[in-house]
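Structure first, then comments.
Counting begins at 1 with the first residue of the sequence.
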Amino acid sequence: MTKLASFLGRHYKKIIVAALIITVFLGLGYGVTVMPSPSNKEKEIPAFVLQERVAGKFGSEDAIYVAVCLDEGTTAEDIPRDIRDPKVVKSVVELHKRLEKETAIERVQSIAPPFEDGVPDDLERVEKVLSGNFTSSQLEDFINRDFSITLIKVSPIAGLSEEKVKEITGIIQDDIEFITKPGGVKYRITGVDPQTYEILKDQFPGSLRRVTIVVETKPRYASSEEIRDIRDPEVLRYLDLLVERAKLVHGVVNAESAADVIKEENDGQIPNSLRGIKSLLKELEKEKITAQRVSDYISEDYSMTLVRLNILDDVDTEKIVGELKEVIDIASPPGISVNITGGPVIEMTMKEFA
């Protein structure tokens, strides 16, 4: 952080605003400082342009985290000993629903959606609902290994300027005040409670640092046989290969794409035809959680799809970006382009730009 602060001090006029704010400062749970707007020249930097294009199709990656934690310091009796305790889950569901109704919030992610119609009264049945609606890797994004913490991810509509951070944080705090909170449980918010960053870093490795592999349709010739729909099975098999290669890179905690979602819902197989894939995805639209996962990876116009990577905080930026560039340095299907963006990529770009 000292090295980064020195860099920012020397080159503040050359900072790419949104990426740095989101990825470095807010993502680490510290305060946000509004930087000068990027120049027209800076806006032409490929990593920045790609990040903006991804945001335009999939929404903002900005997020504020709420960590719902068991209070180990309490001496009270009859308190939850597992964050999946029905009393805690009911509280999370209540908060999730309140946050979803806030007009300034675009999206809320947590373990709540499967419990919209009610929370079972015992832990065993709560576990069954969770395992029946989330994969093990998905649950790891929301619940830590000793079942003492669960996360709620809150994404604002207009990004995270300093004013927006204050506004959304205030909304979250107000909603927490109104919900039913079980004894022996604490609610921590990034940017407010300094310990929240350490909780995320230690208990949810890779949650704060991300790289995105962007795969797009870019046919060069009219009436050619080049791919024009990223749902094409050839593209999905290509995504599958990218995920497997990315997982071999040291520091990559998790890698997932639309191919993973489709395989999970189709007995581990990718359908052999575009028609088969379209039919499967139409069926998946009936399942709220799965449909949301699909929309996380496939754009509405079917021109872009993503491979999302979580990486460790302490991995050397230059090394991991270099290795991920090697990951995508393989032949892609005809009419398809591939590139990478995200905080570490933009960080490197800024250094080169300076």
Side-chain angles (χ1 to χ4, degrees), residues 22-23 25-32 59-74 79-80 82-116 119 126 130 134 138-160 164-210 289 292 310:
I22 297 164
T23 308
F25 289 99
L26 184 67
L28 298 183
Y30 299 128
V32 177
S60 173
E61 292 288 325
D62 306 5
I64 295 174
Y65 287 90
V66 180
V68 184
C69 314
L70 298 182
D71 185 1
E72 298 177 354
T74 185
I79 60 174
D82 187 312
I83 206 66
R84 299 167 299 175
D85 184 290
K87 293 190 293 293
V88 181
V89 176
K90 287 177 183 178
S91 183
V92 170
V93 171
E94 190 178 347
L95 180 56
H96 185 112
K97 288 181 176 180
R98 288 188 69 94
L99 292 171
E100 279 191 321
K101 294 177 181 178
E102 301 289 356
T103 57
I105 292 175
E106 179 177 40
R107 185 179 178 195
V108 183
Q109 295 172 274
S110 74
I111 61 170
F115 301 98
E116 285 185 346
V119 179
V126 167
L130 289 172
F134 297 99
Q138 285 178 286
L139 282 176
E140 287 174 3
D141 289 338
F142 293 118
I143 300 176
N144 67 337
R145 291 185 178 181
D146 67 0
F147 308 115
S148 64
I149 304 166
T150 187
L151 296 182
I152 301 173
K153 182 180 177 181
V154 183
S155 300
I157 286 178
L160 287 176
K164 182 59 67 174
V165 170
K166 292 179 180 178
E167 177 189 349
I168 300 301
T169 300
I171 288 172
I172 295 171
Q173 288 175 317
D174 288 344
D175 283 339
I176 289 174
E177 287 298 315
F178 278 100
I179 65 171
T180 303
K181 297 180 287 295
V185 175
K186 286 185 177 181
Y187 292 74
R188 303 178 183 275
I189 308 172
T190 50
V192 175
D193 186 339
Q195 291 185 356
T196 311
Y197 163 63
E198 293 301 326
I199 288 172
L200 293 173
K201 182 179 178 181
D202 296 340
Q203 299 295 320
F204 298 90
S207 63
L208 296 173
R209 208 169 182 217
R210 298 182 178 86
I289 295 176
Q292 181 61 64
N310 290 355

*When rounded to the nearest 0.5 angstrom, what is the spacing between CG in L95 and NZ in K181?*
9.5 Å
*Pair listing, salt bridge (charged side-chain N to carboxylate O under 4.0 Å, His left out) test, anchored in residues 83-94, at least two apart*: D82-R84, R84-E127, D85-K87, K90-D121
*Starting at CG of L130, measure out to CZ of F115 and round the result to the nearest 0.5 Å.*
4.0 Å
*Indicate the atoms forming the closest heavy-atom contact of H96 with V108, along with that distance.*
CE1-O, 3.3 Å
*Look up atom CZ in F134 and atom CD1 in I289, then write down how far apart they are to the nearest 0.5 Å.*
4.0 Å
_Among L139, I111, V185, the one residue meeting side chain to side chain contact (heavy atoms under 4.5 Å, CB included) with T150_ = I111
*Partner residues of D175 under the side-chain hydrogen bond (donor to acceptor under 3.5 Å, both in side chains) criterion, sequence neighbours left out*: R98
*asked:* Walk me through whether Y187 and S91 qualify under side chain to side chain donor-acceptor pair (under 3.5 Å).
replied: CA-CA 11 Å; Y187 292 74; S91 183; 2.3 Å; yes
_Closest non-hydrogen atom pair between V66 and V154, with its separation_ = CG2-CG2, 4.5 Å
*I would like to know whether F204 and I149 meet side chain to side chain contact (heavy atoms under 4.5 Å, CB included); could you show each step before the answer?*
CA-CA 10 Å; F204 298 90; I149 304 166; 3.8 Å; yes
_Euclidean distance, K97 NZ relative to I179 CD1, rounded to 0.5 Å_ = 12.5 Å
*Residues in side chain to side chain contact (heavy atoms under 4.5 Å, CB included) with S148, at least two apart?*
L70, N144, D146
_V89 versus I83, closest heavy-atom pair with distance_ = CG2-O, 4.3 Å
*For the atom pair CG (L151) and SG (C69), what is the distance rounded to the nearest 0.5 Å?*
8.0 Å
*Which residues satisfy the side chain to side chain contact (heavy atoms under 4.5 Å, CB included) test with D71, sequence neighbours excluded?*
T74, K186
*Audit row: I152, I172, side chain to side chain contact (heavy atoms under 4.5 Å, CB included) steps and yes/no*: CA-CA 11 Å; I152 301 173; I172 295 171; over 6 Å; no
*Would you mind listing every salt bridge (charged side-chain N to carboxylate O under 4.0 Å, His left out) that reaches into residues 103-115, with sequence neighbours excluded?*
R107-D296
*Report the distance from atom CG of L208 to atom CG of L200, rounding to the nearest 0.5 Å.*
5.0 Å
*Would you please name every residue forming a side chain to side chain contact (heavy atoms under 4.5 Å, CB included) with P86, sequence neighbours left out?*
V119, V126
